[in-house]
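These notes are about the structure you will find just below.
Numbered from 1 within each chain, the chains take letters A, B, ... in sequence-line order.
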Number of protein chains: 2
Amino acid sequence: MGVGREGQRRKGAQVTANGPSAKDTAAARRGRARRPTMKDIAQRAGVSESAVSFALNDRPGVSEVTRARVRRVAEQLGWRPSTAARALSGEGAATVGLVLARPAATLGVDSFFLQLISGIQEILSDRGLGLLFQVVEDVTAECAVYRRWWAEHRVDGVLVVDPRTDDPRPALLDELGLPAVVIGALTDERGRTGAGLSQVRADDAGGMAVIVDRLYALGHRRIAHVAGLPSLAHTERRIRSLRVEAGRRGLSDVHSFTTDYSDTEGAAVTRRLLDRGAPPTALIYDNDVMAAAGAAVAAGLGRAVPGDVSVVSWEDSALCRLVRPWLTALSRDTIAFGRLAAGELAALLDGGPARTVQVPLPRLIERESTERARPVPQESRSDDV
Amino acid sequence: MGVGREGQRRKGAQVTANGPSAKDTAAARRGRARRPTMKDIAQRAGVSESAVSFALNDRPGVSEVTRARVRRVAEQLGWRPSTAARALSGEGAATVGLVLARPAATLGVDSFFLQLISGIQEILSDRGLGLLFQVVEDVTAECAVYRRWWAEHRVDGVLVVDPRTDDPRPALLDELGLPAVVIGALTDERGRTGAGLSQVRADDAGGMAVIVDRLYALGHRRIAHVAGLPSLAHTERRIRSLRVEAGRRGLSDVHSFTTDYSDTEGAAVTRRLLDRGAPPTALIYDNDVMAAAGAAVAAGLGRAVPGDVSVVSWEDSALCRLVRPWLTALSRDTIAFGRLAAGELAALLDGGPARTVQVPLPRLIERESTERARPVPQESRSDDV
DNA sequence: TGGTGGCACTCAAGCGCTTTAGTGCCCGAT
DNA sequence: ATCGGGCACTAAAGCGCTTGAGTGCCACCA
């Protein structure tokens, strides 16, 4: 009896609900179907586990016919390597991490992230990599998550979004030895920070140049830029680029104002700007939500868009075609962006070198919210491009 | 020499970059800092590994003073359990999965998912559970992902979204023995499907009743419902509920039309409806994007919103306050929804029973897009509520 | 004084996989 | 005839953790 019980226990999950005592306890639920292991394959194929391992991992040490046989058996059994076991024996967790540091409330206002993630997934799932995802409140918490993931052996690398000025994350990841790719790039100057850190850069300077070029050509001379969070590296970059573009064209009434990306702040800043003595004739918003909110505010103040003021959104989305007038927007292929980033991370995990790649210049989709600036008396337009 | 090398190899990652031959190869990057293991704790605390395990897992078998000592050492060392090792020894992966079956393009139009996820996270991270996330094209691919996750030992349970009519997923998950909670609930009738399957139900019938109640009170008698994907369970439920509510009030000109949730289809259906002989005086849209698109179409056709036609969105978001007129919307606490679902799953993983819980009735936020129906000559309003 | 329990703790196996060090075999070179 | 070497494959250890089966010790009762 004792022996019988032992034997039964040893077989573990193989027991198939023997008897109709089907109490639906949590224990009973576990392992309803049994996962095949390499041992099963080895048995069926009549070789040792090592041989199976060699065969399945394209390692030398088995003949081609054995390799084929093992492969066939594995497929028949529907075998998949246990990531846990793999990770434990040093192969890594076959998972990459992505943490989003955003207060819950401001989440999901823009479509950027889901698109990005969807691009990321395309590449990752091709490579059999999982994506561990986490939303936290701030960067401090984000760093804690990296530490935890690292200590728990959960991820092989991470994708870092929303790079900041004075970002603590690269140093931490370097310390932990976690390969990472920064999406959106740190400051232009420093270049790569530590080995194992790739960057996928959006061309913020280029984007800004595209917008200013166009607005200038349309005769706009007083331009305001309603930017995003001041702590983000790309906000800083866009502001700097705008200043450069303005300087190049001798424009003096060109300014940036930072916000928290919310429709509320976007609206508030817009109201302040339009109430000025010589209000801007063109407004550049760092996201679609603020652009829409800003356009609505302008309309509310009796300013025609684009008659009195042109509006450009730095982010294209369905929203830009849901408000009237339709918003002119800078459109980038966010999905491709995600794909690129994931590709870089995969390369890094394969032992490739850290690189900095740049995504193509975004395109300006001109819709209804921009048009030629109303001629201003005291300024001739002879200095046009 | 041979011995020396062996010894060195055995110590593995403990080697600290001996010598300045710091080639930044992928190999060198691995394990820059060493993760402490239970063995380290055991050594320092002067007990066996088992004792450490007991101590850290609140299991009996160690005295309180030892437990405290072990805990202290663990904390000092910054120890965290390796999920890989845990998973391997049968404890589960401490991870739950969430897969989103949506074509990449239609992703991110609504804010629903990120909000939901953010709520989910709150609970999961409290419990030390990770969230493995995946975006796929369709339900078939989704099922494949479940299979893979299961075989790879990656997740302990999953959160299922977008339940469908004739949903293949519950059966699959049951077969695999993967605990799951369905977010949004399957058809009302069947109730729980298999053990280990909890449901968190949005009250679609209640929501529809709230909307129809209000519209009816405002005098609307011809109501159209621009619904979402016909294959989704909640679409079906809403349509059914509308029919019931209409029947109860003796309304005959009340119909539903399914779409793919896109602004395009929402607009198209709206145009068709408004071009009819006796167009509806009120339109209910199954999401915010279609509501906004529909309102724009109405305006384009010269119908005043809400003067000629009232608009209600079944989903509140920033968008509802970015278009003019502001959209009346059914508002639910999506973050709380996520929290609830994650809580149910956690309970399930703890061995709790499968349950079906219901979230509170959504509230109707009345904004500018609804008002009293224009009185219709051939119909007295004496039968009002 | 010997037995008996319970307590605090250790031993060792095992989870599924990788990997290093063998082992046996056959073939060609000496 | 013998040896070396390459090849196909096996044995076994180890990754970090859990867990059932001990083990030694002490208090307590008969």
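Rounded to whole Å, atom P of dC11(C) lies 14 Å from atom CE of M38(B). Distance, K39(A) NZ to dT10(D) P: 15 Å, rounded to whole Å. To the nearest angstrom, P of dG16(D) lies 18 Å from CD of E91(B). The distance between atom CD of E49(B) and atom C1' of dT10(C), rounded to the nearest whole Å, is 11 Å.
When the nucleotides dT18(C), dC17(D), dC9(C) are ranked by their closest atom to the side chain of R86(B), dC17(D) comes out on top. Closest contact between the side chain of S48(A) and the listed nucleotides dT10(D), dT10(C), dC15(D) involves dT10(D). The side chain of A85(B) lies closest to dC17(D) when the candidates are dT20(C), dT18(C), dC17(D).
S50(B) and S53(B) share no donor-acceptor pair across their side chains, judged by distance under 3.5 Å alone.
Mapped onto DNA chain C by nearest heavy atom, T66(B) and L88(A) fall at different nucleotides, with T66(B) at the one closer to the 5' end. If V65(A) and A84(B) are placed on DNA chain D by their nearest nucleotide, the residue sitting closer to the 5' end is V65(A).
Within the 4.0 angstrom heavy-atom criterion, only backbone atoms of the sugar-phosphate kind lie near S63(B); the bases stay farther away. No engagement by R67(B) is indicated, since no non-hydrogen atom pair under 4.0 Å with the nucleic acid exists.
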